[in-house]
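Only one structure is covered here, and it is reproduced in the block below.
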Amino acid sequence: MLDKNKVIVGMSGGVDSTVAAYQLKQMGYDVIGVNMRLWQDDFLEEAHFMNDGGCCSLSSVEDARRVCEQIGIPFYALDFKGVFKETVVDYFIEAYKNGETPNPCIACNKHVKFEALLEKAHQLGAYYVATGHYAKIYQDEATGRFIVEKAEAVEKDQTYALYNLTQAQLQHILMPLSTFKTKEEVRAIAAQFDVQMSKKSDSQEICFVPDQDYVGFLRRNGDFEIIDGDFYDTEGNKLGKHQGIVNYTIGQRKGLGLTFGKPMYVVDIDPEFNRVVLGSNEAVFKKELWAKAINFIYMAGIDQPYRCEAKIRYGTKTAPCIIDYVGGLIHVVFDEPQRAVTPGQAVVFYKDQYLVGGGTIIRK
RNA sequence: UGGGGAUUCGCCAAGCGGUAAGGCAACGGACUUUGACUCCGUCAUUCACAGGUUCAAAUCCUGUAUCCCCAG
């Protein structure tokens, strides 16, 4: 029987998860801190890149252990390298191989933090797994569905990366940072028992590529060749050589190595012909998109066109749109054209502050 | 080995005797759970080279080099 008062907290050793654990302890939960060992890269460890990290930092085990001691909760470091490799790293490599831009955090949430870790929690008898994400999760009394709502701290809201979670997962998840209005409040609490840690900067890179060189990561870990190809304009004229499609994402301006007298942006990536199409900023805007692998949270699904808002990239604003199921895919039509619709990225739907659902943008 | 035109930052390009605009690229920083976008900052004591005329030249003159066009 699972203990509803028992919770496993994913501890990165950073500010957010530390405060999450602390809050739960204060609330009276039986809290266990767990640091997930996710990835090991000999290349980077030799290069001393693993010393400072973020949400999934590979080197913060000791920080996590220390704060658990300070909070007064048990701590375990557990190995999740296998599942992480299969569900996050392999997906990441595969996406680039296919000319897409992946979002590994979303995959990690779905398969590692709220699946593998949740299983581990159940093995330990805990009903809940908790993290330091900024999002609200609760059960709607009327419908019985578990709903995700944007965090109070709007600028830190992380619901975009949670659209893929199922009802089965959500009922076992706690996110105690949901009520904080700012990151500063969270830091202030952290400072009460660990000043040094409370000043850690926010994470901002792919956790398994802490040197920022994801192309180098693909070279070392990928099972495919990164091949030079040609840049084309939107008319089909050859413009020059590119260094392999993995180097580019839709909307990208920097690093093209070509000059045209005006800024040029990546408009399309064609993995089949190894082509990268460049165009003006205006050419990067699209009014519609198609998405697959749809997951709904706010409701079970839609059976007719549904008006809501959508966010097509983590750092962007939501935009009004109408979504509709067409042949097993979701068709999204925006009121206004959106910049850099990127295959592989998630499109996440919102209705006011509620997370409606989302899917993966495809090239069509 | 005859005429004509050109030569300014990696690319494009202002300047036309008064002491080197700008755009693109690049680099550095901010922002960022995606090397995206965006923003901020840096980027020719020097104008193909050598002389000359001027108080003063990238700008005028004279050679030299390279390129282009038209004539052989």
Side-chain angles (χ1 to χ4, degrees), chain A residues 10 12 14-17 38-39 49 52-58 60 88-89 91-93 95-96 99-110 112-113 131-135 151 153 155-164 177 183 200-219 226 231 239-240 242-269 276 278-286 311-317 337-348 360-361:
Chain A
S12 69
V15 179
D16 293 332
S17 57
L38 299 174
W39 183 250
F49 272 116
D52 190 22
C55 75
C56 323
S57 173
L58 310 180
S60 42
V88 179
V89 175
Y91 144 79
F92 181 80
I93 290 169
Y96 272 113
E100 300 180 335
T101 304
N103 189 320
C105 295
I106 290 174
C108 180
N109 286 335
K110 179 174 177 62
V112 181
K113 288 179 183 153
T131 62
H133 282 97
Y134 288 82
E155 75 283 0
K156 296 301 296 179
D157 175 61
Q158 289 169 317
T159 51
Y160 177 81
L162 301 172
Y163 82 87
N164 225 355
L177 299 189
K183 176 90 181 200
K200 270 192 180 181
S201 58
D202 290 3
S203 63
Q204 54 192 34
E205 73 282 303
I206 303 169
C207 67
F208 51 92
V209 191
D211 69 343
Q212 299 288 303
D213 181 15
Y214 79 87
V215 175
F217 178 88
L218 292 172
R219 285 213 171 82
I226 296 171
F231 282 124
L239 296 177
H242 75 236
Q243 298 179 291
I245 57 175
V246 302
N247 287 281
Y248 313 98
T249 186
I250 306 298
Q252 180 173 334
R253 170 181 177 178
K254 298 283 182 183
L256 302 180
L258 295 176
T259 168
F260 299 94
K262 63 168 189 173
M264 290 289 269
Y265 301 85
V266 175
V267 172
D268 187 32
I269 294 170
V276 175
L278 306 180
S280 63
N281 188 244
E282 299 76 65
V284 188
F285 284 78
K286 282 191 176 170
K311 180 164 161 170
I312 59 168
R313 219 165 172 122
Y314 81 98
T316 61
K317 290 181 292 190
Q338 299 299 300
R339 189 174 188 287
V341 171
T342 305
Q345 290 290 292
V347 56
V348 177
T360 304
I361 298 171

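These numbers were taken from a predicted model, which means no experiment stands behind them.
Under the side-chain contact (heavy atoms from CB on, under 4.5 Å) test applied with Leu256(A), the options Val276(A), Val266(A), Leu239(A) reduce to a single match, Val266(A).
The separation between Lys317(A) atom NZ and U38(B) atom P is 15 Å, rounded to whole Å. Atoms CG (Leu256(A)) and P (A36(B)) sit 11 Å apart, rounded to a whole Å. At whole-Å resolution of the value, CG in Leu258(A) and C1' in C12(B) are 14 Å apart. In this structure, His242(A) atom NE2 and A36(B) atom C1' are separated by 17 Å, rounded to whole Å. Distance CD (Gln345(A)) to P (U33(B)): 14 Å, rounded to an integer number of Å.
For the pair Arg339(A) and Tyr265(A), the cation-pi test (distance below 6.0 Å, angle within 45°) is passed.
Pairing for A48(B) goes to U64(B), judged as Watson-Crick or G-U wobble with the two contacts each under 3.5 Å. Across all strands shown, the partner of C24(B) is G10(B), judged by Watson-Crick or G-U wobble contacts whose two distances both fall under 3.5 Å. Across all strands shown, C70(B) is found opposite G2(B) as a Watson-Crick or G-U wobble partner, with both distances under 3.5 Å. Across all strands shown, C39(B) pairs with G29(B); the Watson-Crick or G-U wobble distances both stay below 3.5 Å.
Rounded to whole Å, the separation between the P atoms of G15(B) and A71(B) comes to 31 Å. Rounded to the nearest Å, the gap between the P atom of G28(B) and that of U19(B) is 34 Å. A distance of about 13 Å separates the P atoms of A58(B) and A50(B), rounded to the whole Å. Rounded to a whole angstrom, the distance from the C1' atom of G2(B) to that of A56(B) is 38 Å. Comparing A44(B) with G10(B), their P atoms are spaced 11 Å from each other, to the whole Å. On the P atoms, A6(B) is 22 Å away from A57(B), given to the nearest whole Å. Across C39(B) and U53(B), the matching C1' atoms stand 50 Å from one another, rounded to whole Å.
Within 4.0 Å of Thr249(A), counting heavy atoms only, lie sugar-phosphate atoms of the nucleic acid but no base atom.
Separation of the Tyr96(A) and Tyr91(A) ring centroids does not fall under the 6.0 Å cut-off.
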